Amino acid sequence: MRQILRRLFTRLMKSKMWVLLVLLTILIKFVSWYPGWVEANYARGVYPVISKILRFLLGWIPISIGDILYIALIIIIVYKVCTFFRLLFKRKLNRKYFILALQQGIFIFLFLYVSFNLLWGLNYNRQGIAHQLNLEVKKYTIEDLDTLTSVLLERVNHYAETVTEQQRDTFNRKKKLFNAAILAYGEAEKQYPFLQYQPASVKPSLFSYLGNYLGFQGYYNPYSGEGQVNTTIPRFLEPYVTTHEIAHQLGYAKENEANFVAFLVCRAYDNNAFRYSLYYDLYHYAIVEVYRRRDTALGKSLQKKLHPQVKKDRKAYKDFYNRYKNPIEPIIMWGYGEFLKANNQPAGKMTYNEVVAWLVAYYKKFGTTAL
């Protein structure tokens, strides 16, 4: 194994691949400064073809190929670390070893950076859903936030009253959950043709239980084109999380935009469980912003008006989170936040909450009844 990997890297690094990777890295960085070009030529041109090919090739496989790739990567990393310490203890580390390791490290970084951006990552620099809907997304006032949160409170209370336990139980079978999400995109496509989602490739994560300790509910794998959902999270969260991950597959890379796309999709789908999941999440983002603005009096008054089922679900979510709370999660979330900042999302983890600005812009253009 060691000899095979060494020969592979040696051949690659002696080839023209180095020059190609460096040139592509420079080109990607240059192109990222022009969102209009990225939107027209990559997000609506090259990327849809890439994503459809990946989903066509891997979507029919019931397990996540992307997760298997991650497992293989972890094995390689563990093998490399063990090799390092074995050589260290045997005092066989030398200058040649460190030079080769540095070369391999730089090569791998450039390869992953280039492939990540070409396969999906350039979408972080597109104009996005606000441009497609001609929304004027800007800083909102506390009055705007008050209006939005009040509407979302009314919506989540309404669907808490109408959604049944039988409708919730339907999604205990994940195949039904994913098929329903695909149908939801089919309904949204009638109004927003750019949300066409075929072929499909959304799957349960092989790391679902581990994900509870690391703090993720779902993720997109740009190397396999698959959307993965943590299917062990509370069931009332799953519809919104699933449509969020599919939004990433369609090229909405930023978390605030994926949240907004999930709003459009879940609202278009005439399903009480999906709409409850939607408004539960959106109300959560809005009420967090209310408290962040230090309007605690407003926040407390709104919380008191929640339907008993919503209060029950909020407690269930809090208990779920506390059950898996551990010292490693904050470190993982910090690293994830830094990743988001490095990819054109300066708010880091709080980027998810920025969907509030999109919702304010949306109701100001179409009215609160459109929420």
Side-chain angles (χ1 to χ4, degrees), residues 43-44 48 51-52 55 123 128-135 137 148 151-164 167-168 170-171 174-202 217-218 220 227 229 235-286 352 354-371:
R44 299 195 200 182
S51 63
K52 286 181 180 180
R55 297 201 303 273
N123 285 309
I129 192 72
H131 172 75
Q132 290 174 296
L133 296 180
N134 196 25
L135 295 179
V137 181
L148 174 67
V151 173
L152 295 178
L153 173 67
E154 185 275 327
R155 297 284 193 274
V156 72
N157 281 346
H158 170 74
Y159 285 104
E161 186 74 39
T162 56
V163 69
T164 66
Q167 288 174 315
R168 288 174 175 243
T170 299
F171 301 130
K174 303 314 166 189
K175 187 174 182 180
K176 287 192 174 182
L177 168 68
F178 298 150
N179 286 339
I182 294 168
L183 288 175
Y185 268 87
E187 289 300 312
E189 181 193 345
K190 295 175 183 177
Q191 186 174 357
Y192 310 106
F194 50 82
L195 294 182
Q196 182 188 37
Y197 180 58
Q198 287 295 335
S201 181
V202 58
Q217 298 177 353
Y220 172 69
V229 177
R235 56 188 178 171
F236 53 85
L237 298 174
E238 291 180 327
Y240 188 70
V241 170
T242 303
T243 51
H244 174 103
E245 297 310 325
I246 293 175
H248 283 320
Q249 289 181 290
L250 294 182
Y252 298 96
K254 293 181 181 179
E255 302 302 339
N256 44 23
E257 292 195 88
N259 270 344
F260 186 76
V261 171
F263 154 71
L264 296 176
V265 172
C266 289
R267 191 184 184 285
Y269 188 38
D270 188 13
N271 181 290
N272 289 342
F274 265 67
R275 289 184 178 177
Y276 176 71
S277 181
L278 161 68
Y279 290 115
Y280 178 92
D281 268 271
L282 294 186
Y283 173 79
H284 169 75
Y285 290 125
Y352 287 86
E354 289 180 349
V355 68
V356 169
W358 267 254
L359 293 169
V360 169
Y362 186 78
Y363 89 68
K364 284 195 168 183
K365 181 174 183 178
F366 299 106
T368 56
T369 56
L371 290 173

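In this chain, numbering begins with 1 at the start of the sequence shown. Just so we're clear, the structure is a prediction, and the values are computed from it rather than from any experiment.
Residues His248 and Glu255 have side chains in contact (heavy-atom distance under 4.5 Å, counting atoms from C-beta outward). Side-chain contact between Thr243 and Phe274 is present, with heavy atoms from C-beta onward closer than 4.5 Å. Taking 4.5 Å as the limit, some side-chain heavy atom of Tyr220 sits within range of a side-chain heavy atom of Gln249. Counting heavy atoms from C-beta outward, Arg55 and Tyr197 have side chains that approach closer than 4.5 Å. Side-chain contact check for Thr162 versus Tyr276: every heavy-atom pair is 4.5 Å or farther apart. Put simply, the side chain of Leu278 does not reach to within 4.5 Å of the side chain of Tyr159, judged on heavy atoms. Side-chain contact between Ile182 and Gln198 is present, with at least one heavy-atom pair separated by less than 4.5 Å.
Contact detail for Lys365 and Leu135: the closest heavy-atom pair is CD-CD2, 3.9 Å. In terms of heavy atoms, Gln196 sits closest to Leu250 at O-CD2, 3.3 Å. The two residues Asp270 and Arg275 come nearest to each other via the heavy atoms CA-NH2, 3.9 Å. The minimum heavy-atom distance between Leu152 and Ala286, with the atom names listed, is CD1-CB, 3.8 Å. Nearest heavy-atom pair, Cys266 versus Pro239, reported as atom, atom and distance to 0.1 Å: SG-O, 4.4 Å. Considering all non-hydrogen atoms of both residues, Leu237 and Gln217 come closest at CD1-NE2, 4.0 Å.
Side-chain polar atoms of Tyr252 and Gln132 form a donor-acceptor pair below 3.5 angstrom.
Across Trp358, Tyr185, Tyr192, a single residue satisfies side-chain contact (heavy atoms from CB on, under 4.5 Å) together with Val261, and that is Tyr185.
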Side chain to side chain contact (heavy atoms under 4.5 Å, CB included) assessment of Leu264 paired with Leu133
CA-CA 11 Å; Leu264 296 176; Leu133 296 180; 3.9 Å; yes

If you apply the rule side chain to side chain contact (heavy atoms under 4.5 Å, CB included), what do you find for Phe263 with Val355, and how did you get there?
CA-CA 9 Å; Phe263 154 71; Val355 68; 5.7 Å; no

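To the nearest 0.5 angstrom, Lys174 atom NZ is 6.0 Å from Leu177 atom CG. To the nearest 0.5 Å, the span separating CD1 on Ile129 from CG on Leu195 amounts to 5.5 Å. Rounded to the nearest 0.5 Å, atoms CG (Asn256) and OH (Tyr285) are 10.5 Å apart. One finds the CG atom of Asn272 at 6.5 Å from the NE2 atom of His158 (value rounded to the nearest 0.5 Å).
In this structure, the side-chain contact (heavy atoms from CB on, under 4.5 Å) partners of Arg155, at least two apart in sequence or on a different chain, are Val151, Tyr279, Leu371.
Here the two rings, on Tyr280 and Tyr240, have centers that are 6.0 Å apart or farther.
Below 30°, between 30° and 60°, or above 60°: for Tyr352 and His244 the angle between ring planes is below 30°, a parallel geometry.
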